[in-house]
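Reminder, nothing fancy here: chain letters follow the sequence lines and each chain counts from 1.
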Amino acid sequence: MQSKKPTLLRGMRDFAASQVFKRNYILDTIRHTYQKYGFLPLETPALEHLDTLTGKYGEEGDQLMFKILNSGDFLAGISDQIKDYKALSRQITAKGLRYDLTVPLMRYIAMNRNTLVFPFRRYQMQPVWRADRPQKGRYREFYQCDVDTVGTQSLLYEAEIIVMIHEVLLRLGIEDFTIHMNHRDVLKGLATLAGAADQAHALGAALDKLDKVGKDKVLEELKDKGFLPNALAKLMFIFDLPTTQKDRWAVLTKQLDSNQIGTREMQKILDYTHSLGLEEPSITLDLTLARGLSYYTGTVFEVKMKHLNWGSIGGGGRYDGLTGAFGQTGMSGVGFSFGVDRLYEVLEELNLWPSPLGYDTQVMLANLDHLSEQWALKVLATLRKNEIRAEIYPETVRLQKQLQYAQKRQIPFVAIIGSEEQTAGVVALKNMQTGAQKPCSLASLLQELS
RNA sequence: GUGAUUGUAGCUCAGUUGGUUAGAGCGCUGGUUUGUGGUACCAGAGGUCGCGGGUUCGAGCCCCGUCUAUCACCCCA
């Protein structure tokens, strides 16, 4: 057999124990909160039919989808005249890796519509795959933690999402965040104001870049896209919005028709968050928030760190037509997704990990000789019965080696058990940090470690 | 997908205008005798110089391709 140096695929990662512990800490925190709000778990397969996935995310999304080559003779019946790779790809691939968790949810709901209880509330924490070029905090396989409520138009659920975002982030010790909120209907209203109602998407895409490229570049892009100068003049207020939330609302409602659904809904949502006990939500009305995923139809959110200029740590919004693609119309849903990998980077950067994380071994039993082994194993069993994470060194090698092992593993306590201890019915408990050592009875050992 | 930069021991890096057996620090393994680690000392292992081709008498250094990582764009978690 030829051996080649093994490597990882682009954008794919291994996770060592210390990383898994940290990731689990994030996942546990999110799961705990989601469940507290009454959401139930769902898991779906990594692979879906390609036609389930495509056409929901916009052109960009479809391009970034990982496709799986058909099994067997995938060239059977394919003309060798085909030179267009896209046409060929449609014929030789029929399944793909999921791109997010929302579309699989819609498929699931459409399939189980007669047995599910609506409104259907589920959370889902699983990996998704995108054939993107990796960058910092951006990978080709990454975890999303979705919550969605499907089957009701109630804006209460938008408000709940906002409250949950606060709870999860504050639990993780993250305070320096802002939830940016906008509404597709507001974007439509702005486009209408500029005399191009059908150009809402283009307008959003251009505005989205405002904080990155500045006002002039945005205007330039809009001109290129066909917006007329006198139409643009009507949009100039966007660039000089007041700083306080209240004044912003005033300007926006004045500029847009007072019957705007978008502004009314967002107001209502804010009222709800107050009623749900969120005194000062970290929310800002952000007219430049567009979000590329094309399935959103109502409010959209994105959570960003105020002082870290990275991508968002989560995003979501309301979608009305998604189940329609699976033959189930009139089903509105709203959802949100945390990015575990982004949260990880934030906790890492801000040094917010708790210590200890509470998953690693608390005590190692040193294995001195076969005579005392029986006593050692009894101690080990007792520790585990009392929910203390314990292990025993597998061989009776020199104590020096065993202590070195414990040190490298960063195990905080070593219990030394030899014939002396066995006769006395104790263990010698050594604190690896201070080096102090004292004989302990079984009872005091348990007390010391719990 | 577009445009750049990058890649030498497990890790961080050195390697002079292309010229013999490619180096350091840390880490690793063993030892400094018997049941005590993190310090010190001694010894040792470990590199097809990312991979594949090319130029050259000769390539870690030059050229091309490819993979990876990083950055910007696109888009996004």
Please check the phosphate of B:A72 (OP1 and OP2 only) for any side-chain N or O of A:Gln135 closer than 4.0 Å.
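Checking B:A72 against A:Gln135, a side-chain N or O does come within under 4.0 Å of OP1 or OP2.
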Does A:Arg138 make a side-chain N or O approach to OP1 or OP2 of B:C76 shorter than 4.0 Å?
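No, no such contact exists.
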Any N or O donor-acceptor pair linking the side chain of A:Gln402 to the base of B:U36 at under 3.5 Å?
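A donor-acceptor contact between them is absent.
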Hey, is A:Tyr143 doing a stacking thing with B:A77, by the 5.5 Å centroid and 30° angle criteria?
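One would not call A:Tyr143 stacked on the B:A77 base.
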Applying salt bridge (Lys or Arg N to Asp or Glu O under 4.0 Å), name anything that partners A:Lys209, two or more places apart in sequence or on another chain.
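Result, salt bridge (Lys or Arg N to Asp or Glu O under 4.0 Å) vs A:Lys209: A:Glu221.
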Applying salt bridge (Lys or Arg N to Asp or Glu O under 4.0 Å), name anything that partners A:Glu373, two or more places apart in sequence or on another chain.
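With neighbours one apart ignored, the set is empty.
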Report yes or no: does A:Gln362 contribute a side-chain atom to a donor-acceptor pair with the main-chain N or O of A:Phe413 at less than 3.5 Å?
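It does not hold such a pair.
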Report the nucleotide, chosen from B:G37, B:A69, B:C75, that has the shortest atom-to-atom distance to any side-chain atom of A:Leu403.
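Out of B:G37, B:A69, B:C75, the nucleotide with an atom closest to A:Leu403's side chain is B:G37.
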Given B:U2, B:U36, B:G37, the nucleotide with the shortest approach to the side chain of A:Arg133:
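Nearest to the side chain of A:Arg133 among the choices is B:U2.
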A:Arg31 to A:Tyr123 six-membered ring, cation-pi geometry met (6.0 Å, 45°)
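The answer is no, since A:Arg31 fails at least one limit relative to A:Tyr123.
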Residues from residues 408-426 of chain A lying under 4.0 Å of RNA chain B - heavy atoms
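Close to the strand are A:Lys408, A:Ile416, A:Gly418, A:Ser419, A:Glu420, A:Glu421.
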Going by atom types only, do A:Tyr272 and A:Glu158 share a side-chain donor-acceptor pair under 3.5 Å?
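No.
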With sequence neighbours excluded, give me every side chain to side chain donor-acceptor pair (under 3.5 Å) pair touching residues 142-151 of chain A.
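The answer is A:Thr102-A:Asp146, A:Arg121-A:Thr149, A:Arg122-A:Asp148, A:Asp146-A:Ser337, A:Asp148-A:Tyr319.
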For A:Thr297, all residues meeting side-chain contact (heavy atoms from CB on, under 4.5 Å), sequence neighbours excluded:
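For A:Thr297 the side-chain contact (heavy atoms from CB on, under 4.5 Å) partners, ignoring immediate neighbours, are A:Asp320.
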Dot-bracket pairing map - RNA chain B, Watson-Crick plus G-U, both contacts under 3.5 Å, | cross-strand
(((((.(..((((.....[...)))).(((((.......))))).....(((((..]....)))))).)))))....
